[in-house]
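Numbers restart at 1 for each chain; the letters A, B, ... are given by sequence-line order, proteins then strands.
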Amino acid sequence: MKILVPTKRVPDTDQKIVATVDGSNVAIDHIPFVINPFDAIALEEAVRISERLPEVEVVAIGIGPAEYEQQLRTALAMGATRAVCVQCTAALDPWNVARLLQAMVGRERPDLVLMGKQAVDDDANQTGQFLAALLDWPQATFASRIEVQGSEIRVDRETDFGIETLSMPLPAVVTTDLRLNEPRYASMAGIMKARKKPLDVIAAENLGVALETRVEVIRHHSSETQRRGERLRSVDELVERLIEAAGIGSLEIVMRVLVIAEYDGTNLRQASLSALAFACDVARATGGDASWLVLGHRTESVVNEAAGYAPVLSVDSPALEHHLAEPFSRAISRVVLDGNFELVAAASSTFSKDVVPRAAALLGGAMASDVVRHEWADGRLLFDCPRYAGAVTATIALHGTPQVITVRASAYPAAEPADSSSAIERVELEADIFARRATYEGLQSKPSARPDVTEARVVVSGGRAFKCAEDFERHVGGLADALSGAAGSSRALVDAGIAPNELQVGQTGKIIAPEVYIALGISGAVQHLAGMKNSRTIVAINSDPDAPIFDVSDYGLVGDVYEVVPQLIEKLQRHAASAAR
Amino acid sequence: MAESITADVIIIGGGVAGLSTAMQLAGRGARVIVLERERIGNGSTGRAAGLLGQLRGNAEHTRMLIDGMEIVRRLEQQADVSIFVQTGSLRVAETTERAGEIAALVEMGKSIDFDIDHLPINEVSRLLPYMRTDDLLDACYCPTDGHIQPAELVSAYLKVGKQLGVEYLTNTPVSEILLNGSRVRGVKALGREYHAPVVVNAGGPWSYLNAELVDSVLPTAAIGHYYLTTRPDPARPVDRMSPAIRDRHLRLYTRPESGGLIVGIYDPEPELHDMRRLPVDFDMSRMKAARDSIQVARLLEAASTRFPWIDERTPMSITTGIMTFTPDARPFCGKMPDIDGLYHCSGFSGHGIVQSPTIGLIMSQLILDGQSAYDCESIEADRYFDMPGYVNRVEIEDKCASMAGNYYGTIERPTLPRKRFSIR
């Protein structure tokens, strides 16, 4: 068996990442380069498979300038059998990386391509799905467990609805999520052996791929690097800031925009309405139109609900009962091409992140992920996409049509229903559109209602202020639940036996960077800060006005957590209830 | 020009050395300002494991550490925080030389009534079920040892220091030490002058650069250091009160941490850091080990020899930071003949956390009284002053790195106290 592991070289995003003064790039002086952490997870998994099964060859691939060889040596030391450096000095977008990888797959003929779900520099989450589409291989994205059984692979993947299990024949493309494993540090034997392992160099030109730009970066700009340091006076003020931070909240061209509808059972998901709002804005600015595409099986109620907002194209087939990337992406691309849509929009979700990039590849590879803002400049539509986990935002233009984007739902308000219901058109597609090799095996709800600290958007952590496990659960757990977040802890509480070991955030625990980090009764020792200071927004509640945690906080409230937190939970629950109507 | 600020003592560096010295000085009524280049306690202090082994090869150092515990106990009451974790400590020997080392240590400890004794190997196995013991020849156990939690120690120094009126300025790198002839008159930081007749250089790995500001030579070097922390594993619990272990043959030390185990190494070929090349806002907590770091590989190899369940597949985090080593692994505390009013307090060679309580007291005595109640001969700042072979950076780094590389490697020969003293 041969496993190909593409490994991207990225700046270590645990360092401070800022845009250069001219905005052309990010400043990388003093910043070490590492293997993209998600690719390191893929490599680790490949190496573990090779340690479990006989005769498994793990080939690490790097694409870029000659310096990439250093990361490939690291990959060899971690256990790759051999490495290939595809030398290329041009800036590469996901489309071109996928095409170069496609050529490498042609040369290497692997049984499995294992790669990170995204790179932590551009955060695109496209390349694996592009590659699967270009190869016409089955795919499984966001893998949290992988099992190779003969010529089949079974993958657990993390979705918004739970852990989905797929099985598919090899060859296949699998992209890896955080929870799959913890990558190793190389052993002495690994480092010694790596020196003798083959590292081949191929010039990209020799792969016969003519590069074609799909993503043009217009400029980068840094997000606010200074913490706001705002001291709040009341719980109400804090509720306002939290709701904001947690996101509970004429031109020459004519653009026809297609919005991929997502639904939860029988109801449209709120996030899709944000994608529609974006689509309607673009359509209005260009004198074009926006329509829904509802894909699935027995979707009548969703179709009817969607028609209350905009015209609907509906593809209904038993083959679409489960969200399998192959038929969904083919159906999307066929509807887009037949309907002459110039722009496809979807909300950023585990469903669209799996399916939409694959559709984008079938449509030519012009894709922007996680758009937070758009603007028109010289007749071109530009998109702002967060990179480096939001430390830098890139303004990009896409080359070629149709263009495909996912929008970050919290960045756009939900669309309002129209006065009257719109037309519903049923689209019939030929049978080969629905062909699929992956088999849906089932869905299990997530083992714990609360996400893990390493993957949650919101993390609520408790410190020394909490005196017993019941208090910790009631306050830290309660606030985490109110914000659909994870519970975390300082080392002191773990030592005191008040919080479980695995919740520890800090230097010797987990190092995390959620969108919102809420420190309850945590003083803010540097050892704790080392584990959370890259968080997007930091909120602190502490009774000591001099606690160092306030120095790194965006919002601080001086108060006793035992008094403040119950009020906070109640007010947030009331807000959620009113938002849900 | 910005107005100047005056104090009795200015301390450069907000690590444990500077914080402890500031607290002791303020306790005696001095007006003290601490200038920290980045964040309080975020240099070597923030990376330290904090192991306390009170019995040293040198009797005066043993006394300093034992007295330091008294200061820590007082701090725990003053700041209402638990700093010291008394896990006990264990030294193990797998060679006859190491067994001899242990025998000498036990003899020396007993001579000063220190609680130490040999521990039979089967007892060791019972105490530490997660450690390999079949290759051990001897072990000794000190029940009163343990570790000082660096985060809690820093917060206590800060809390008490603030109560005593110490002023702490963070993100304030000192760019100049101001002189009047060969006398210190203050420092300059961020364009602002701070005037004081006494300046303390407690800059840790940066301290040699601070000395260079006044063309003085402080023979310290910045040495990279690594430890791993295994993720808590319900299948192999590490009790938080398990004793710390020192295995000098493998160059390892360990202690429990949040359900996992910290294992650190004094690497035989340590990395040297050139502090001048680091950015001005360098944040040591962002240092990261490469996945194919040779130091980490050696650490893993040694760790799996003593703990066979640890290997490269074990889920773990790696902590790396910079230590300040000296040519004899002993700190520099006090003045040098060249600059009047400039005191050094640096070079703790991996023992800053546990030495800091007493060192702060000693520094305050040296500064305010001109002498200390302790015999400071072995830690005097001028012991290499103008000494051939200890002048240029290359020589100094060579000697410090060699000391760091042989640390734990050499066989210790404890010296019995010159004058007999009892710890009770």
Check: Counting heavy-atom pairs under 4.5 Å to chain A, which of B:A289, B:S258, B:A290, B:S285 comes out on top?
Finding: B:S258
Margin query: Report which part of A:S523 has an atom under 4.5 Å of a heavy atom belonging to chain B: side chain, backbone, both, or neither.
Written below: neither
Check: Which atoms of A:Q504 come close to chain B, meaning under 4.5 Å heavy atom to heavy atom: side chain ones, backbone ones, both, or neither?
Finding: side chain
Note to self: Heavy-atom pairs under 4.5 Å with chain B - which of A:R73, A:E502, A:R491, A:E51 has more of them than the others?
What the structure shows: A:R491
Check: Donor-acceptor pair, B:R291 side chain versus A:A75 backbone, under 3.5 Å?
Finding: no
Checklist line | Residue part contacting chain A, namely of B:T230, when any heavy atom lies under 4.5 Å | finding: neither
Margin query: What I'd like to find out is whether the side chain of A:Q507 reaches to under 4.5 Å of the side chain of B:R47, using heavy atoms alone.
Written below: yes
Next item on the list: Taking B:Q149 for its side chain and A:A492 for its backbone only, find out whether a donor-acceptor pair lies under 3.5 Å.
Entry: no
Check: chain B heavy atoms under 4.5 Å from A:V34: which part of the residue, side chain, backbone, both or neither?
Finding: neither
Check: Given a strict heavy-atom distance threshold of 4.5 Å, which part of B:Y227 is in contact with chain A: side chain, backbone, both, or neither?
Finding: side chain
Margin query: For B:K159, which atoms come within 4.5 Å of any heavy atom of chain A: side chain, backbone, both, or neither?
Written below: neither
Check: Non-hydrogen atoms of chain A under 4.5 Å away: do they reach the side chain of B:P150, the backbone, both or neither?
Finding: both
Next item on the list: Considering only heavy atoms and a distance below 4.5 Å, find which of B:R231, B:R298, B:E301 pairs most often with chain A.
Entry: B:R231
Margin query: Between A:R184 and B:L300, is there a side-chain heavy-atom distance shorter than 4.5 Å?
Written below: no
Next item on the list: Tell me, for B:D311 versus chain A, whether the close heavy atoms (under 4.5 Å) come from the side chain, the backbone, both or neither.
Entry: neither
Item checked: Which portion of A:V47 sits near chain B, non-hydrogen atoms under 4.5 angstrom -> neither
Notebook entry, point to check: So, B:R240 versus A:N501: side-chain donor-acceptor pair below 3.5 Å or not?
Noted result: no
